[in-house]
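First up is the structure itself, then whatever we jot down about it.
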Number of protein chains: 2
Amino acid sequence: LASTHTALGKGADDLERLWRSLGLDRAGTVVALGGGTTTDLAGFAAATYMRGVEWVAVPTTLVGQVDAAIGGKTAIDLPEAKNLVGAFHWPARTVIDPALLATLQASERANGMAEVVKTGLLAGEALWEFADEELVRRCAAYKAALCLRDPHDLGPRHALNLGHTFGHALEAASGYELPHGRAVALGLLAALRLSGRDTAPVVDVLSPEPVRVDRDRAWEALLRDKKGRLRIVLLGAGGAREEELPEAEVRAALDALISG
Amino acid sequence: LASTHTALGKGADDLERLWRSLGLDRAGTVVALGGGTTTDLAGFAAATYMRGVEWVAVPTTLVGQVDAAIGGKTAIDLPEAKNLVGAFHWPARTVIDPALLATLQASERANGMAEVVKTGLLAGEALWEFADEELVRRCAAYKAALCLRDPHDLGPRHALNLGHTFGHALEAASGYELPHGRAVALGLLAALRLSGRDTAPVVDVLSPEPVRVDRDRAWEALLRDKKGRLRIVLLGAGGAREEELPEAEVRAALDALISG
């Protein structure tokens, strides 16, 4: 068992500091207590320390409890891209205590609610209406089941990118000033519009406001992310599906999220 | 396909530089052309870049061709320990050209011959007597077969540590000034003596000379490596086996490798 400070970031420097401070043997376990940044970083350190030791995720934020700490993806950020380096390394155990959420700031809660709405849309159920304990349980269970079906993200798991293509582009265009939850909320709006679906859940629960970023910069970030093929996750009656869309349609959907 | 410079080391800084220079997508392949340092580093970068891309090992040294590039182990060094961080990530392909060995320095060849003798002892065959092409083919095949039986180093693969417990201790005590081949040659000598076996192959082929290092420092390094349990790989009639030996016996075997 290793006790370390909460890391401030998940860059290469943070990783090296964590590696050097672990002092475990092969039978050791890394316990990551914190938000998505902490579980991503500590999980990757565990995946690679002595070629892999066990780890336990204890997510303390709504994003962590419904999304980041579920599914075995670990990663760090490099200046070239977020999550550029990482590993698939499932935690030996994930310990979730929704009581921790009572202490969250409103802005942090909003980040998590965007993922809750995404999960509810994919699950076809208004998960956002449940109280925390049930909401977290259902979202975590939905994501865990999907990830277990596709642990290496080769197909079904792509559904989890619903809204994220647009969200990432807006985040990048803002120089990562835009909170992730607000970016995802806008991205979900675009995905529902392109899918011809009612946008009420996103509008009512997340109240997404258009963001003031450079339109060309957002578009270039989206193209870079997609590497030329505009395959977008849409929401059909039977669930999510990926579809290659015409450039003009995707660009118009992105532009509609941007003000000014 | 990524083209990069040969790395000078396999530290955390080298790794970060390599990660940042790769610029691959998920379908990319890292090709590592060089000695064990290069294949260890590049293989680990490939294991973690975008949570894993393919890599091809093209070992150019005798150590690389008979040992380091075979078996899927990749790693970097940290100040706390060599190979402290890494991954099991088999190359998609290993390309071995023994003709490259003609350009090796004698000291580099000696490093490789120590691993050749180790492999021959394990295989029960005088592999060191073959000409390069056949020698490399047989050593690489022997190690690959053993590693495929035990890809995550949980049992049978421990045989490959023959002589390495003592070798690592001597290297550490020398501040890593002692060449790996000389350390392994001495380690094999100790392992054969403890096994009650004829030491002629090691003496005749590798001519190991006792090394001048601090005896206590070497002993402490050995204990740290073994974490208190003195399980040593010995060579029996039926092949290698691990055996827990009395402290006095192990210490005497180590001391006999040290001069002055």
- Item | Pick from B:G23, B:A87, B:G52 with the largest number of heavy-atom pairs that fall under 4.5 Å of chain A | B:A87
- Item | Contact listing (chain A partner; residues 53-85 of chain B; heavy atom under 4.5 Å) | B:K73, B:T74, B:A75, B:I76, B:L78, B:P79, B:E80, B:N83, B:L84, B:V85
- Note on the structure: Checked B:R26, B:R20, B:H89, B:M50 vs chain A; the most non-hydrogen pairs under 4.5 Å come from B:R20
- Above 12 or not: heavy atoms from other molecules or residues under 6.0 Å from CZ of A:R93? no
- Note on the structure: Bottom line for B:A45: the part with an atom under 4.5 Å from chain A's heavy atoms is neither
- Message: So for atom CD, which belongs to B:E247, do other residues, nucleotides or ligands contribute more than 12 heavy atoms lying within a distance under 6.0 Å?
- Response: no
